[in-house]
2 protein chains.
Amino acid sequence: MISTTIENYIKAIFYLGETATNVTVSAVAERMQNSPASVSDMLRRLYEKGLIEDKNNITLTDQGSFLAKQIIRKHRLWETFLVKTLDFKWDEVHSIAEQLEHVQSSLLTERLERFLEYPETDPHGDPIPDKDGNFPNLSIIPLSEAEPGKSYIFRSVATDAKDFLNHLDNKGLQLGQRWVIIEKEEFDGSVKLLVDDKNEVYLSEKVAKNLNICSGQLD
Amino acid sequence: MISTTIENYIKAIFYLGETATNVTVSAVAERMQNSPASVSDMLRRLYEKGLIEDKNNITLTDQGSFLAKQIIRKHRLWETFLVKTLDFKWDEVHSIAEQLEHVQSSLLTERLERFLEYPETDPHGDPIPDKDGNFPNLSIIPLSEAEPGKSYIFRSVATDAKDFLNHLDNKGLQLGQRWVIIEKEEFDGSVKLLVDDKNEVYLSEKVAKNLNICSGQLD
DNA sequence: ATAAAATTTTAGACTAATCTAAATATTCAA
DNA sequence: TTGAATATTTAGATTAGTCTAAAATTTTAT
């Protein structure tokens with residue numbers, strides 16, 4: 001049987017694997033708020049259970065990866081439920097979904113998904129995998145094509161130019177943020193955003209063309 | 001912190017306390033499917049945490065009782081959600097609710113209750129305590145006043161006469177059952193029931209007047 | 001009232017998950 | 001390429017929750 005603890009490790013490894021090039025013991029320890037010694041020990045158990053490929057190469061097996069996606073699926077469906085159905089704010093739901101994601105019943109997950117009318121993304125705009133673990137193909141568009149008033153998620157950049165990335169950094173822009181388009185200036189194509197419900201940011205058309213977004217739920 | 005394990009013990013003791021005169025180690029062991037040794041050990045911990053009055057008198061303290069009612073409240077609200085909102089059958093929901101009842105967030109429980117429009121009973125007809133632990137006053141009526149087509153829960157008997165109880169036993173009638181009124185004969189006041197969605201039972205008016213029921217949800 | 005039966009507690013052991021401290025291995029920079 | 005810094009593993013302990021087997025206690029029936 002897979003414990004809640006193991007599920008949390010698998011989820012952490014999945015997320016780290018998405019961003020970091022190679023996942024390390026200390027990165028997992030940092031993320032899980034555990035000591036490296038505990039992580040090292042746990043990795044042995046995950047290997048014995050066939051959830052990671054190797055102790056020296058912390059990569060999920062197919063089985064581990066499927067498990068991770070099931071947990072993420074449940075987490076995101078429950079977050080969607082909490083916001084859409086129970087009127088929670090989109091930034092209040094994480095800790096509750098962390099508990100609900102471990103409830104075991106595939107029928108429950110499917111019924112919840114049906115009730116929510118098969119959402120493609122959660123309230124943070126993150127994609128929800130289907131029951132086979134496939135993520136939806138979210139249509140990615142440049143910020144310059146965004147519609148005023150709508151909510152989007154910052155997904156990727158079209159260039160890696162150092163001064164461009166530096167510019168984003170100065171503006172406080174980071175991947176995964178939720179951007180609401182406040183207004184779009186037809187004259188020069190500049191855009192005014194509300195970032196994470198907190199800061200207003202102005203961007204020129206030149207910049208907006210190089211920022212890729214996808215539509216995030218809950219406008 | 002109170003673990004899921006402890007919550008399950010407290011719930012078991014609460015339920016046993018409702019029916020049995022005195023709760024014993026072996027009764028708890030039987031109900032929890034654990035060895036008496038484990039239960040004995042756990043009772044020490046429950047006492048240390050102030051959840052039971054005494055090791056020789058297994059009775060919940062006010063704190064323990066409140067905790068039990070919170071768990072029962074969550075269990076019954078989730079069962080109601082599963083049946084009313086996600087279209088589960090009323091006999092499929094127990095094991096899922098056993099997991100959901102341990103999710104910790106009083107705000108979640110209150111929002112769920114509001115979403116369900118403050119139900120007084122769960123799909124089995126069991127009463128749902130409010131957030132202060134008070135059970136609703138379900139209006140108890142004799143079976144002779146039941147309305148055809150509606151669903152009720154068998155709650156109590158108006159007499160303890162031995163041959164009367166024996167008669168109920170012969171008909172397979174037990175407290176807590178869900179009774180759907182199939183028809184009521186105006187001529188002689190006799191009643192035809194469907195017991196727990198399984199057996200049809202005919203009862204005379206004389207018997208029906210001595211059986212107390214309350215309305216159970218989900219007709 | 002006392003012996004047998006039943007119940008409960010204690011003792012000692014196990015597993016999962018964690019820790020700290022120490023040992024070992026790896027990386028990286030001069 | 002070698003020594004310092006960093007990262008990882010091992011060793012030994014701890015806690016919660018469980019077990020079996022044995023000891024102690026309580027109940028019950030004669």
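No experiment lies behind these values; they were computed from the predicted model shown. Here is how names work: the chains are called A, B, and so on, in the same order as the sequence lines, proteins then strands, and each is numbered from 1.
- Across the protein-nucleic acid pair, R44(B) atom CZ and dT10(C) atom C1' stand 10 Å apart, rounded to whole Å.
- Between E7(A) atom CD and dA16(C) atom P there is a gap of 16 Å when expressed in whole angstrom units.
- With salt bridges taken as basic N to acidic carboxylate O contacts below 4.0 Å, none links R114(B) and E110(B).
- Using modelled atom types, no side-chain atom of E113(A) and backbone atom of L77(A) make a donor-acceptor pair closer than 3.5 Å.
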Under-3.5 Å N/O pairs linking protein and nucleotides 14-18 of chain D:
from	atom 1	to	atom 2	distance (Å)
dG17(D)	OP1	S3(B)	OG	2.4
dT18(D)	OP2	Y9(B)	OH	3.2

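- For the pair M1(A) CE and dA17(C) C1', the computed distance is 17 Å after rounding to whole Å.
- Closest heavy-atom contact between I72(A) and Y15(A): CG1-OH, 3.6 Å.
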Test salt bridge (charged side-chain N to carboxylate O under 4.0 Å, His left out) applied to K11(A) and E7(A), step by step: CA-CA 6 Å; K11(A) 191 173 49 142; E7(A) 290 194 344; over 6 Å; no
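- Following rounding to the nearest Å, L46(A) (CG) and dT9(D) (P) show an atom-to-atom distance of 12 Å.
- Between the side chain of K171(A) and the backbone N or O of Y202(A) there is at least one donor-acceptor pair closer than 3.5 Å.
- At the phosphate of dT8(C), OP1 or OP2 sits under 4.0 Å from a side-chain N or O atom of S26(B).
- Atom pair I58(B):CD1 and dT7(C):C1' shows a separation of 11 Å (rounding to whole Å applied).
- The distance from atom CD of E30(B) to atom P of dT8(C) is 12 Å, rounded to the nearest whole Å.
- Rounding to whole angstrom units, CD of residue E48(A) and P of dA17(C) are separated by 12 Å.
- Within the structure, a side-chain polar atom (N or O) of K55(B) is placed less than 4.0 Å from OP1 or OP2 of dT9(C).
- I52(B) places its CD1 atom 13 Å from the P atom of dT8(C), with the value rounded to the nearest Å.
- For the side-chain contact (heavy atoms from CB on, under 4.5 Å) with E79(A), the lone residue among E98(A), H94(A), E101(A) that qualifies is H94(A).
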